[in-house]
Structures are given as C-alpha cells and as structure tokens.
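Some notes on the structure that comes next.
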Amino acid sequence: MGAYNSSFSKRANAHLLPVMQEKYLPAAIEQAAQAHWHATRAFNASEDISKPKYYCLSMFPYPSGKLHMGHVRNYTIGDVLTRSHKMRGYNVLQPMGWDAFGLPAENAAIQNNVPPAKWTDDNIAYMKQQLKSLGFALDWERELATCKPDYYKWNQWLFLRMLEKGIAYKKTQVVNWDPVDQTVLANEQVIEGRGWRTGALVEKREIPGYYLAITQYADELLTALDTLPGWPERVKTMQANWIGKSTGVRFAFPYELPAAGGTNLPSPLAGEGQGGEGSAGRGKLWVFTTRPDTIMGVTFCAVAAEHPLATHAAKNNPELAAFIEECKHGSVMEADMATMEKKGMPTGIFVEHPLTGAKVEVWVGNYVLMSYGDGAVMGVPAHDERDFAFAKKYGLPIKQVVALAGEAFSLEAWAEWYADKQRGVCVNSGKYDGLDYAAATEAIAADLAAKGLGEKKVQFRLRDWGVSRQRYWGCPIPLIHCESCGSVPVPDDQLPVVLPEDCVPDGAGNPLNKRADFLNCACPKCGKPAARETDTMDTFVDSSWYYARYCAANAMTAMVDARTDYWMPVDQYIGGIEHAILHLLYSRFWTKVMRDLGLVSYDEPFANLLTQGMVLNHIFSRRSDRGGIIYYAPEEVELVRDAAGHVTGATAKADGLPVDYGGVGTMSKSKRNGVDPQSLIEQYGADTARFFMMFASPPEQTLEWSDSGVEGAYRFLKRVWACGHALKSQAAAKEAGALRREIHLLLKQANYDLGKLQFNTVASACMKMLNALEKAPADPHAREAFSILLRVLSPIAPHITHALWIELGYGPDILAATWPEPLDAALVQDEEELVLQVNGKLRGALRVKVGADRTAIEAVALATEAAQKFMEGKPAKKVIVVPGRLVNIVV
RNA sequence: GCCGGGAUGGCGGAAUCGGUAGACGCAGCGGACUCAAAAUCCGCCGCCAGUGAUGGUGUGGGGGUUCGAGUCCCCCUCCCGGCACCA
C-alpha cells in the first residue's frame, strides 16, 4: 500500500464497532464496509438463470496516473444502478478494466525516460486502489488491461479474420508528417500547423495503412439505430448524421487530354476510377451529387490537390504545382478544412458536360477532400452556397437552373431559396424545364445511364476506419512483410505478436523500427528472412470489444464464449458524451463483425446508454508581464464579496492582488482547476464524494464543482448518522402524524426519479426524508421511515447505510434487503387541495373531497372569497377543472 | 463552417402529460448555544413597490398558439461537446 493511504489505515481500527459511535467517522465505517464486501465476495458475479441479469458498465478509464472527478462521477452513476438493481433482485455484473494503450504513455516516456509499460502498470496499480477506496461494487476478478498480450492477442486474431473476409484492407492514408522528427503526428500534436516538439511546419503525407470497411455495415449501423430505444435521441441523431446516407447520382465528365510530352495519366487509385480509363489521355472525371436536378447548371469542376488530374496538370504548370504543395501543408482535420479560406486554381484542363457536351474547366480546390467520395465535385454556383462564393471569388459563370415562383434570382448575393430542394422547378435546362426535383432527378439519371455516364447511387459520408498508427504503444498489427511473398498474415498459432515492453520512445519515430529482435522474423510462407509490420492499431480497436471480454475474461482459448451471450448486451452503458460517435459507432461495427463470424449472437452491444456530462470547476487567471496567462488553482484564490454576499471578484491569496475570473471550464491540468478525488476521500470519505456527485446535477448535464456543496453533502451524512444514533436508543411512543404518508410520497417520487436515472432528485428525496424524520422523531413510524431512507440512500452512500442498517438491527446486510416500494395504504387521504386561478392567475386555494365531481368542485371554487374578489362581479365564462390540480375561472 | 446540446434567484439545480415557478442544497442575513471559535440548532431569503395585509413582475431576447407556456411553434443571441491520429 502506498503512502497516500497511510492516514487512512491509522484511523481504521474500528472494524467491530462495539458500541455505536456517536460521531460519524467515515474512514472507519468505510474500511469496515469494504472489508465486509471483500470477505463475502459480494460483487463477484456468476451466470445464474434463475434471476434476470443486469450488466452495468461504465466506460473503462485510460490509466493516466490518478482518477479525476469525471471518473468518480462516471463510476458512481454506474454504482448507483448496480446496487439498486442488486437490491431489486437482479443478477448484476459490473466489471472494470483499463484502456491501457495510447499516446499519453509515449508522451510520459519522452518526458521522464520511463518505458510506457512500466508507467502504465504503475498508474493502474495506483488507480485501482483509488477505485477500491470509493467502495464501488466492482467484480475485480474480471479486470483486464488492453496492453496485456492475453487481451490484444484477440485484436490480432480478429484482424486476421477481417483480412480474410475482405473487411480489413490496405490503402494509402493521409497523415500529419513532422519533417524534422521524421514522424507521424496525432492531431493533438499539431499546434497551429506545427509539430508540438520541433515547431516544424507539418506536412500532409500519404502513407500506406490498413482500413476496416465499416462502410460495408453503413446501412445496418444506420437502420439499427431504430432498435435502440434506450439510447439518447441526440446520440442517435449524431450517429445518423455521421453515417450521412445521401441519395443522388454519381456521374462522369468525359475528357480527352492531349498527350503532352508523351506522359500518361497516373494509374487509377482503385478499380474503376479517377482518370483511369484509357491510357491515351481519354478519361472520365467522376463526381457525386445529391442535386442531380442542377447538373445543367454546372459551370466548373473542382478536384482535390491529390487528385490525378491535378497531379497531371501540375506537371507543366509550376504555379499550380506550388498551389498543390501549399494545399498539402494544410491541416488534415475536417474542422480546419471547413473554416479555412476556400481557395482554388484552374488546371487548364477541360472536361465535357455529360448532358450538353459543353466545355467545363477543372479547378483544384483546397476544400475538396481526396478521401471523400471521388475526390472531385461538380460546381453549380447558382444552387450551392459554397460554389456560389467560389464562383464570385474567381469570376466563374453562374447559371440559374432552378426557379421558385415569385422569387427573383440575383447574381449579387446568395439567398436561402437557391438551394431549396423541395419547392423549385428546373429552368434554363432544355428538355428538363418545368420538372421538379424528383422528376428531374429521374429524367437526368436515366439520360446519364443511357450514355453510360452515370447512375443513381446511395452514398455515405461515413469513411472506412483507418486503424494503422505509426506508434509504439499499441497492439501490433499481425503481418509480416516478405520480399518474395509480400504481406503475409502471422499464422494463428504464432499469436499474439508480443509488443516488447522495454522500449522508451523519444518522439522521433516508432522505436519498433530500431528493434531487431522484434523486426526480424521468418516469412511464414517461404521461410526466408522477413520483417514484421511495426505499425500498431488505433486504440479504438481495443475499446471496441472489451465489454464482451469481461463476460469471459479468463477464456484462454477463445476471444469470447457462451458466457458472453449470457451477459450481453450491456443493459446500461455509461460514459462521456464525447464518445457519442466514434467509440460507440466502432463498438457497434465490431459487434456486427463478431456476429457475422459466428462469435456472438447479439446485434447491438449496448441496450441502454447514459451519456454523462463533464465535471467543471472555476478558472482563475492573470496575464503575466510577458503576455502569457498564469492560472491560479481555486484554493489559491480568495473570493471578494459585496455587502449582500454577492461575489464581485477574486484575489490571489499569495499577494492579495486581483485575479481574473474566467467562468467555469472542464477540469484540466493546464488550467490548474482540477480537484484530486484522493484528498476529498481522505477529508470527507467516499460517501460524501459520491453523494455530492449525485446531488449536484443530473447525470447528463455538466457538473460544477463546489467545495461548499461537498460540505453540504458531508453535513447531510452527519445528520443521517445522528438520526440513526438517536433512533437506536429512543422508544417511539407518540401518536402517528403525517410522517408515514410523507415518507411514502417521497419514496414514490424517489423510485420514479431512479427509473429516470435522475439521481440528483433521488438524493434530494433522501434529504427531504431526513428533514421529515427530524421533525417527527417520536412518530411510531420513525423506524420504518428510517429503514426506507437507508435503503434509498444506500446505492449512493453505501458505507454509512451499511453500518446503520446493522447498527439499528434491520438485518445482517443491507445489500440483501429488498428495495422499498410505496404502500397505497400509506398514501390515501380523503381531502385534497386544489389551486384556484382566475383568468389564469393564481388567486387562492380550495379543499375538496378526493374524487369529488366537477360540478361540486366548481361550486366550491366559485364560492371562495378569492374567486368572488377577483371575478369583480362578472359572470364566469368558463370554468376549467383539472382533477387533483387546479380550477381556473375565466371571466 | 457542419452536426448535437444548453441557458430558470447571488450559485448548483427542481417542476412526471401544457396546470401553484424556484423543491432540495449552497451562499448570505438574523438568532440560540459557547469565555471564544469551530461544530450544531432555529428563523428569513427571486425582483420591484408597500410599515404591513397585499399588489405588480419574473424561467437568455423577440414574436405566436392556449383558459393557462419554463414546458409547444417561429426567429435571434450567447455558451458547451464532436468533427475521423486525444481518449
């Protein structure tokens, strides 16, 4: 046990609790409860068909060093669900593991000269202790780490299956290239177009890499979203938009190039494609459009800088070559592509309009992506906003081909309706004049098809998943490169290809390239000396199936087994909204591949999804003399208040001078606004941390950190303890009051909110129950009320409730107690209060017998003093009675 | 830029089907206990006017539907997440 835990152990000598302590001592209580759970193997799950199963999973953490508050929040949400389902009789599985490959380990290696493997293992050991001290109901016997060979072996195995099925394949990819370090950079390593270490201008470079054909599953990934009612609508919308199914026409502009200097066009990229048809300079420029009705309005075409036509045109055009070079220095990120200035340059190449035969000039555009579609687009400036801006900028012709009744077209400024698909009809389009979108699409597609120059096509925005990473700390791609046999898969019986664990990356390329013992091997086909692939897999591969491995974590001879089909799908998955698209989409894809290989029988991995919001804290900063920004941690700052107590500013404790308040933002090292869960646990205990996290805001929203909010949570738990202490010694006697009905009403609300996963109001219901109990300590139903409070509170604050349950003699283990349900008998009442409104304004209240009919209620309402006063003698036009709620008199 | 989400007192948030806006907590203010402090307990607490009873007003801004809108519709502003090599 590390030093961080010593203060804990010293105080933890109260396992037996001979007499109930008057004071709430979280450290002792929590250690005792955790020891009990460990000794009884309370959370180790096994398959049991006599109970309904509940697989509760939180996204596993990257072992960055220590837990952050986002983890605490994420895992507390999962724990509340796990524990409440356990008490409701489910067979519950809640496992934990480590997303252990990734870039930060390499960065740490560069900084501290430690091998990523050691750094990662140390971090895991520390964070595991932290998770244990939070009292999560985790099955630690299923723990896994993706950097261990017994896990990533199956990444490799499945990759080879995908290769066999043609799902995995090789093609070129565009990467960020640091010319000084001679290495590939991640997007986050590119800062303002320069390498993070070298400051060198980053280039786009095309290198070979492996792809997974997720697009083969695009349709199913889209339509199957409808089978996921337990997913937030917004996540499904984001995924649907990401997949981006669009129907349109793929068509070609034929061309014939003069055989300039005897050079041929470069060979096509793949199959029937770009610029490829005809070696004597005849070819077709393919594009895709969702607006085939505007093809008659094409006045130019634009191709990507990497497009073969651009390459061809640049050969005798140094200016164009320079422009293409400039484009290659840009970012590879879509966000940058979208916001940068749209630039272009003519190639001097003309293609032929497929319908009119007119000459159309080809431009190179920096906004056209080679990796999307055919790497070329048609330009219809009159009906596409971006094309309009481009044409205006370069003086290209604009030809209106769609008109809307009553709307005038102007070349001066763009108007929304120019792009309206629904209402326009074709004009200036010859035989297509007068046709609407649908009819024009049909007619034009038919004409293009007749000429062999196009067809209707469904296209997806989704691109295949590039999984090659030119990095060390990842799962090796199981391939061997042989001079005579080419790329050869590593045979199954030689898996896993084990990553050497003693490398220390230095930032200049992948260290595997320097490791002879890794690199050198025999070709599995011909036996001659060959070289191993040194690229590793994207870490999203690791996280695409870990949830399935938990179910059969100790399976030695298979990736998954029958136990996986017992537990899967995950009944509740919980994680950050930032994973809404990539991780969740890749996992869904991976599941479908595993299903099609006969490995599993389910179609979707996650039945229900909860995307939790981030944890924010206040940001304080000051401009430094040199113009930089110095951040102050919240504990280094004193808030300045006015007489009314409103915060008006802040000063640094160090020098008393003002600092700037920057609002709230995600907790981060760089802004120095993180809060360490460890110190929180040491000061207040895990229950306080958990309770605050659940109470402060609903799970899907951001959570603002508040030290005084934590104090409040602690205060509440102290009161719960005191209430239990008082109840233990005290004999209830007095006549029953309203306590029972109140508690059961609150219970009803709490159960409803729990079902909605709205834990903040469950926590608040617990507080209301305590408030009620404290007002009626001698009520004969106080013990029953307290037992309800303890059980509702136990998933959130499991340690204190565990101790009090035993102390008050409710039973040996609160985990074995049944979840409380409100009793109808406790809820009945014979009168109820209704709100009285006159003209929709609140004017009073009235009491009526429960179940009274409308006319009776109306009569009572009209007779009230308040009604008489505000009706001012006017007759009631209308009386609206909402049973159980209100009466509104309209005059 | 595109896609998704959000905005309610001094603050975090509550309000289930369109039906009492501000539950619960934090901060603040007043009081009790104490030599004192901490801890604890009791009371007040949207804004404006009024000594008060009370009245008006109020859910980012503008418009609409409705007996009634925080909630539904249209337009706008600002903030946050994702954008394919951070995880």
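In what follows, chains carry the letters A, B, and so on, assigned in the order in which the sequence lines appear, proteins first and then strands, with residues in each chain numbered from 1.
The side chain of A:Asn771 has B:C24 as its nearest neighbour among B:C83, B:C24, B:U54. Minimum atom distance to the side chain of A:Phe870 is reached by B:G55, of the listed B:C24, B:G55, B:G4. The side chain of A:Ser764 lies closest to B:C24, out of B:A84, B:C24, B:G55. The side chain of A:Gln173 approaches B:C85 more closely than any other nucleotide in the set B:C85, B:C3, B:A87. The side chain of A:Arg234 has B:G4 as its nearest neighbour among B:G4, B:C26, B:C86. Among B:A87, B:A84, B:C67, the nucleotide with an atom closest to any side-chain atom of A:Tyr586 is B:A84.
Anti is the conformation of B:G5, whose glycosidic angle sits further than 90° from 0. Applying the 90° cutoff around 0 to the glycosidic angle, B:C48 is assigned anti.
Here the separation of B:G25 from B:G60, taken at their C1' atoms, is 24 Å to the nearest Å. On the P atoms, B:G58 is 29 Å away from B:G5, given to the nearest whole Å. Across the P atoms, B:C79 and B:G28 are found 30 Å apart, a figure rounded to whole Å. Separating the C1' atom of B:G4 from that of B:U8 is a span of 22 Å, rounded to the nearest Å. With C1' as the reference atom, B:U66 and B:G46 are 26 Å apart, rounded to whole Å. Taking the C1' atom of each, B:C76 and B:C83 are spaced 26 Å apart, rounded to whole Å. B:G13 and B:C26 are spaced 16 Å apart, taking the P atom of each and rounding to whole Å. Distance check on atom P: B:C3 versus B:C75 gives 14 Å, rounded to whole Å.
A side-chain N or O of A:Gln749 and one of A:Asp753 form a donor-acceptor pair less than 3.5 Å apart. Using modelled atom types and a 3.5 Å distance limit, the side chains of A:Arg843 and A:Asn888 yield no donor-acceptor pair. A side-chain donor-acceptor contact under 3.5 Å links A:Arg73 and A:Ser697.
Phosphate proximity of B:A27 to A:Arg715: present, with a side-chain N or O under 4.0 Å from OP1 or OP2. For the OP1/OP2 pair of B:A84 and a distance below 4.0 Å, the side-chain nitrogens and oxygens of A:Arg463 include no atom meeting the criterion. The side chain of A:Ser706 places no N or O atom within less than 4.0 Å of a non-bridging phosphate oxygen (OP1 or OP2) of B:G12. Neither OP1 nor OP2 of B:U40 sits under 4.0 Å from any side-chain N or O of A:Lys23. Here A:Lys841 reaches the OP1 or OP2 of B:U57: one of its side-chain N or O atoms lies under 4.0 Å away.
Between A:Phe390 and A:Tyr367, the ring center distance clears the sub-6.0 Å criterion. Taking the six-membered ring for Trp, A:Tyr546 and A:Trp590 have ring centres at least 6.0 Å apart.
The CH2 atom of A:Trp705 sits 15 Å away from the P atom of B:C26 (whole-angstrom rounding). Taking atom CG on A:Leu886 and atom C1' on B:U20, their separation rounds to 8 Å, with Å as the unit. Here B:G19 presents its C1' atom at 14 Å from CD1 of A:Ile857, a figure rounded to the nearest Å. Atom CG of A:Asn187 is separated from atom P of B:G82 by 13 Å (rounded to the nearest Å). Rounded to an integer number of Å, the gap from A:Asn888 CG to B:U66 C1' is 11 Å. Protein atom CG of A:Asn839 is 12 Å distant from nucleotide atom P of B:A69, rounded to whole Å. Taking atom CG on A:Leu369 and atom C1' on B:G1, their separation rounds to 13 Å, with Å as the unit. To the nearest angstrom, C1' of B:C26 lies 10 Å from CE of A:Met767.
Cation-pi geometry between A:Lys171 and A:Tyr211 is met: the NZ or CZ atom falls under 6.0 Å from the ring centre, inside 45° of the normal.
Heavy atoms of A:His583 sit nowhere under 4.0 angstrom from any nucleic acid atom. A:Phe716 comes within contact range of no nucleotide atom at all, as no heavy-atom separation falls under 4.0 Å. Among the protein residues, A:Val184 comes within range of the nucleic acid bases, having at least one heavy atom under 4.0 Å from a base atom. Within 4.0 Å of A:Gln189, counting heavy atoms only, lies no atom of the nucleic acid at all.
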List every contact pair, protein side and nucleotides 13-18 of chain B side both N or O, where the distance is under 3.5 Å.
unit_1	atom_1	unit_2	atom_2	d
B:G13	O3'	A:Asn760	ND2	3.2
B:A14	OP1	A:Asn760	ND2	2.9
B:A15	OP1	A:Gln758	NE2	2.9
B:U16	O4'	A:Tyr752	OH	3.1
B:U16	O2	A:Tyr752	OH	3.1
B:U16	O4	A:Gln749	OE1	2.3

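When each of A:Trp98, A:Phe60, A:Phe101, A:Trp545 is checked for a ring pair (Phe, Tyr, Trp, His ring centres under 6.0 Å) with A:Tyr151, only A:Trp545 meets the rule.
One N or O on the side chain of A:Lys342 and one on the backbone of A:Met340 form a donor-acceptor pair closer than 3.5 Å. Distance alone, capped at 3.5 Å, places no donor-acceptor pair between the A:Thr536 side chain and the A:Pro476 backbone. Under a 3.5 Å cut-off, the side chain of A:Asp464 and the backbone N or O of A:Thr215 do form a donor-acceptor pair.
Nearer to the 5' terminus of RNA chain B, by closest-nucleotide assignment, is the contact made by A:His618 (compared with the other of A:Glu188 and A:His618).
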Review point. In dot-bracket, 5' to 3', how would RNA chain B read with Watson-Crick or G-U wobble pairs under 3.5 Å, [ ] for crossing ones and | for pairs to another strand?
Key: (((((((..(((......[....))).(((((.......))))).((((....))))..(((((..]....))))))))))))....

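Salt-bridge check for A:Lys328 with A:Glu203: failed, with every basic side-chain N at 4.0 Å or more from each acidic carboxylate O. Using a 4.0 Å cut-off between charged nitrogen and carboxylate oxygen, A:Asp181 and A:Arg197 count as a salt-bridge pair.
For a distance-only test at 3.5 Å, the side chain of A:Asn241 fails to qualify as a donor-acceptor partner of the base of B:C3. Not a single donor-acceptor contact under 3.5 angstrom links the side-chain atoms of A:Glu711 to the base of B:C26.
Using the six-membered ring where Trp is involved, A:Tyr684 and A:Tyr714 have ring planes that are perpendicular, over 60° apart on the 30 and 60° scheme.
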